[in-house]
Amino acid sequence: MRLTSLVVSLAAAAVVSAQNQTLLVNVGAEMATSGGIFQFIPNSITASNGSVVTFQFSGIPGNHSVTQSSFASPCEPLAGGFDSGWILIEAKTTPLPEWNLTITNDQTPIWFYCKQLIPSPHCNAGMVGVINVQPGANSFSAFQSKAMSAGAPGEGQNGLIGVGASASAEPLVPSGATHFLGVSASATAPAASGTGASAAGSGTAASGSTSSSATPSSAAPIAINLNFLVVLVGVWAGAAIVL
Ligand SMILES: *[C@@H]1O[C@H](CO)[C@@H](O)[C@H](O)[C@H]1NC(C)=O
Ligand SMILES: *[C@@H]1O[C@H](CO)[C@@H](O)[C@H](O)[C@H]1NC(C)=O
Ligand SMILES: *[C@@H]1O[C@H](CO)[C@@H](O)[C@H](O)[C@H]1NC(C)=O
Ligand SMILES: *[C@@H]1O[C@H](CO)[C@@H](O)[C@H](O)[C@H]1NC(C)=O
Ligand SMILES: [Cu+2]
């Protein structure tokens with residue numbers, strides 16, 4: 001009986017850790033918020049493959065972006081990176097503007113910044129964040145320090161598909177908010193290590209289908225195995241009760 005409850009709790013823990021998470025990141029804050037308006041809250045999260053990170057543009061008034069960069073160049077758009085474009089929100093809307101990114105590779109850090117220059121560059125004020133930071137020298141605080149001493153943020157426009165995370169749709173922009181897209185970054189963006197993907201708008205069919213189809217096919221067997229485990233444990237628990 002003791003063994004059975006141990007097995008049940010272990011299986012329950014495994015199921016919880018394998019489930020896709022839904023995570024919320026606030027984009028921008030208010031004057032009164034500790035740390036000021038130029039920040040992502042939280043600015044460092046962990047998210048496994050298949051998890052959805054909801055970027056909610058809740059800093060009002062605000063005019064921010066969620067733009068993928070790299071540790072090496074914190075305030076420059078990453079070639080083949082994701083980019084929400086700017087969302088201007090002057091007064092509260094219902095719902096708030098939001099943009100969902102689904103994690104496609106949780107094994108490598110996903111760095112991002114806000115590319116807004118008005119009234120002063122947000123990235124250089126420290127408006128940066130990371131998903132899945134790893135132990136070592138490339139910490140969030142090292143990244144933020146580099147951002148604050150970097151040159152003016154890159155404004156080039158990337159699309160929905162990123163490196164390690166992608167969106168399946170443009171941001172939700174309710175009436176009362178405004179969406180701005182810049183000029184394509186494909187001609188100027190620095191190269192991403194290990195990817196030849198071009199940085200373009202939502203029409204990047206080739207890189208998009210490659211990176212988004214990889215995850216479901218590798219994740220599906222895990223889900224099936226876990227379901228099987230749960231059934232198996234249920235049968236064991238049932239047997240233990242009968243005995
Ligand atoms: C979790 O994410 C994977 C990969 O995107 C997907 O195939 C699966 O359906 C998701 N599971 C749930 C419960 O949402
Ligand atoms: C919002 O940002 C966009 C892109 O930088 C800019 O074109 C627009 O003028 C800004 N609007 C306000 C009110 O700051
Ligand atoms: C998440 O997906 C990426 C890309 O397919 C893969 O390399 C990585 O191993 C996956 N992570 C886990 C924990 O399976
Ligand atoms: C973002 O994802 C969350 C959780 O899956 C969902 O409830 C919400 O409707 C999505 N928002 C958009 C704009 O797709
Ligand atoms: Cu900003």
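Order of appearance sets the numbers: ligands from 1, and atoms from 1 within every ligand.
Put simply, the side chain of P74 does not reach to within 4.5 Å of the side chain of Y113, judged on heavy atoms.
Under 3.5 Å, the side chains of T67 and D83 contain a donor-acceptor pair of N or O atoms. Between the side chains of S48 and Q21, at least one donor-acceptor pair of N or O atoms lies under 3.5 Å.
Atoms of ligand 3 found under 4.0 Å from any heavy atom of D106 (numbered from 1 in listed order, with element): 1 (C), 10 (C), 11 (N), 12 (C), 13 (C). Within the listing of ligand 3, atoms 1 (C), 2 (O), 3 (C), 8 (C), 10 (C), 11 (N), 12 (C) sit less than 4.0 angstrom from a heavy atom of N49. Proximity to Q116 (heavy-atom distance under 4.0 Å) selects the following atoms of ligand 2: 1 (C), 2 (O), 5 (O). Under a 4.0 Å criterion applied to the non-hydrogen atoms of N63, ligand 2 contributes the atoms 1 (C), 2 (O), 3 (C), 8 (C), 10 (C), 11 (N), 12 (C), 14 (O).
A donor-acceptor contact shorter than 3.5 Å links the side chain of Q68 to the backbone of F82.
SG distance check for C123 and C75: under 2.5 Å.
Pocket lining of ligand 4, defined as residues with a non-hydrogen atom under 4.0 Å away: T22, V52, T54, E98, N100, L172.
Between F112 and F40, the ring planes are perpendicular. Angles over 60° get that label, and only those under 30° would be called parallel.
Contact annotation: T104 has at least one heavy atom less than 4.0 Å from an atom of ligand 3.
K115 contributes atom NZ, which lies 12.0 Å from atom OG of S69 (distance to the nearest 0.5 angstrom). Atoms CG and CG, from D106 and N49 in turn, are 3.5 Å apart once rounded to the nearest 0.5 Å.
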